[in-house]
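In what follows, a structure is listed as structure tokens, so that the remarks can point back to it.
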Amino acid sequence: MVVIPELTAPTPDVLRGSENSAAAAAAASLSAVQGRPEMAVEIRDFDFAYTEELALEDVTLDIPAHRVTALIGPSGCGKSTLLRCINRMNDLIPGAGVRRGSIRVQGEEILGRTVDVIALRKYIGMVFQKYNPFPTSIFENVAYGLRISGLSNRRALADAVERSLRRAALWEETKDRLHEGALSLSGGQQQRLCIARTIAVDPKIILMDEPCSALDPIATAKVEELITDLRSDYTIVIVTHNMQQATRVSDRTAFFYVGKLVEEGETMKMFTRPEKKETEDYVSGKFG
Amino acid sequence: MAHILDSFENALNELRRSVLTMGSMSLRNLEIAIKGCVDRDTDLCNSAIAEDDEVNELEMSIDQQGMEIMLRYQPVATDLRKVLAAMKIAGNLERISDEAESIARRGRKMNKHHELADLHLIEPLYEQARFQLEDALRAYTNGDIDLAVSVGEKDDKLDRAHRKLVKYMTSAMAEDSEAVKDYLHVIFIIRCLERVGDHSVNIGEEAVFMESSHDIRHGNVDKLEEEE
């Protein structure tokens with residue numbers, strides 16, 4: 001990731017990498033950071049490009065804590081790009097990078113060169129469009145992140161796995177088959193397993209990139225119910241092409257078009273009386 | 001800008017056409033019911049009574065169309081308000097047509113007796129109620145918020161005229177004991193016209209909601225002005 005110099009300025013200790021980078025410790029410190037509690041993520045004057053052309057331009061957006069924020073817009077509008085910038089998933093794309101602006105998480109700038117991205121990604125989990133459990137057991141999928149964080153006590157691991165599976169509303173369906181292969185689960189169960197895997201390492205923010213687009217309506221309903229339930233403990237940012245899903249699960253909605261944030265606000269308002277004509281036209285199915 | 005889905009666009013247009021047709025029919029039923037009374041034409045009264053059935057059917061058809069649009073296209077924003085407003089306006093138009101039917105039934109009864117000299121006094125009240133209904137329908141058709149709001153303001157005048165006329169008919173009834181039944185019919189007709197005014201106000205309020213998303217019902221018209 002190309003990072004402009006001023007963004008590397010003062011980097012908080014909690015996000016700075018260290019030789020014995022115990023991710024768990026870093027994440028624990030990070031969660032104790034004093035930021036503006038009402039905003040989990042603050043994006044300011046943000047430009048991002050994969051090549052020369054800006055994929056995101058002048059985006060300023062606040063993402064409130066313990067709320068579900070939906071990012072909507074036609075394909076190529078930059079919503080997934082923004083999502084991936086929040087936990088720096090775009091770092092590995094050659095030539096891609098931030099051109100301007102800042103992203104602060106709990107008050108901490110996260111774009112700095114010295115930010116510990118492993119700790120950051122633990123703090124900000126991600127769930128993808130296509131469920132992607134590891135080809136191991138259900139138990140090991142959830143335990144994986146905890147093990148690499150240094151947790152080895154069998155009892156503690158078992159407790160954490162159960163807690164995560166319960167939180168992901170998957171415990172009752174899997175408690176008798178924890179050591180069976182994760183790939184034997186249905187698609188919807190695999191996606192909820194991925195959510196359980198994400199929350200096992202105790203993130204504070206969960207990014208979801210079209211988490212239901214590969215699921216049938218019943219599995220979708222279960223994941224949507226889970227999202228609504230998780231809101232009390234996590235800040236959730238969801239990219240979706242499904243307008244009805246945005247209205248069902250999100251508190252706030254941000255509409256993007258050709259790399260720009262056109263309008264954002266309370267979801268009910270965005271879908272009943274949007275202020276911008278572009279928003280009205282898009283949500284009403286007049287272009288996209 | 002039109003919807004990408006032609007069928008959605010067509011369904012919304014069809015819904016609007018149905019509401020406008022129903023508006024014309026209710027207006028016409030009211031007109032022929034009053035004419036049947038004032039001209040003592042029982043055939044016209046019968047016609048108003050019979051045509052109320054068509055309005056009832058159209059109301060059910062509009063509800064069905066609205067339900068299908070919601071089911072198939074999950075409308076949002078202005079589209080959602082268009083569907084909700086259409087269904088609620090249809091309900092009010094159906095009630096207006098019911099009032100016309102009620103007027104026609106009373107007219108038919110009065111036509112069997114001697115003509116009541118004071119009957120023509122209902123005509124100015126009818127004119128006022130009809131203007132209000134026409135304004136409300138025009139406001140819906142053109143998305144004219146100012147005109148829609150003005151229907152509520154005009155209704156105060158109609159209410160005052162209604163009270164004054166009821167008072168007059170009540171005292172006239174006391175002086176002409178042989179025509180008590182007919183005076184009672186006239187008082188109920190006056191009441192029907194006052195209700196037409198109220199339903200017109202409701203239609204105007206729905207037109208405002210559809211156009212601006214502001215809910216001005218129950219005296220909340222000030223909120224519209226505040227936000228403007």
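All heavy atoms count here, side chains included; hydrogens, waters and symmetry mates do not. A note on names: the letters A, B, ... follow the listed sequences, proteins ahead of strands, and every chain is numbered from 1.
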With a 6.0 Å cut-off (strictly less than), is the heavy-atom count around CD of Gln244(A), excluding the residue itself, greater than 12?
yes
Give a yes or no on whether Arg28(B) atom CZ has more than 12 heavy-atom contacts from other residues, nucleotides or ligands under 6.0 Å away.
no
In Å and rounded to the nearest 0.5 Å, what is the OG to CG distance from Ser284(A) to Leu5(B)?
12.0 Å
Got more than 12 heavy atoms from elsewhere within 6.0 Å of CZ, Phe188(B)?
no
In this structure, NZ of Lys286(A) is separated from CD of Glu9(B) (nearest 0.5 Å) by 6.5 Å
Contacting region of Lys269(A) [heavy-atom separation from chain B under 4.5 Å]:
neither
For Lys154(B), does the NZ atom have more than 12 heavy-atom neighbours from other residues, nucleotides or ligands under 6.0 Å away?
yes
Positions in residues 61-92 of chain B that reach chain A, provided some heavy atom is under 4.5 Å away:
Gln74(B), Val76(B), Ala77(B), Thr78(B), Asp79(B), Arg81(B)
Should we say atom CZ of Arg195(B) is surrounded by more than 12 heavy atoms from elsewhere, each under 6.0 Å from it?
yes
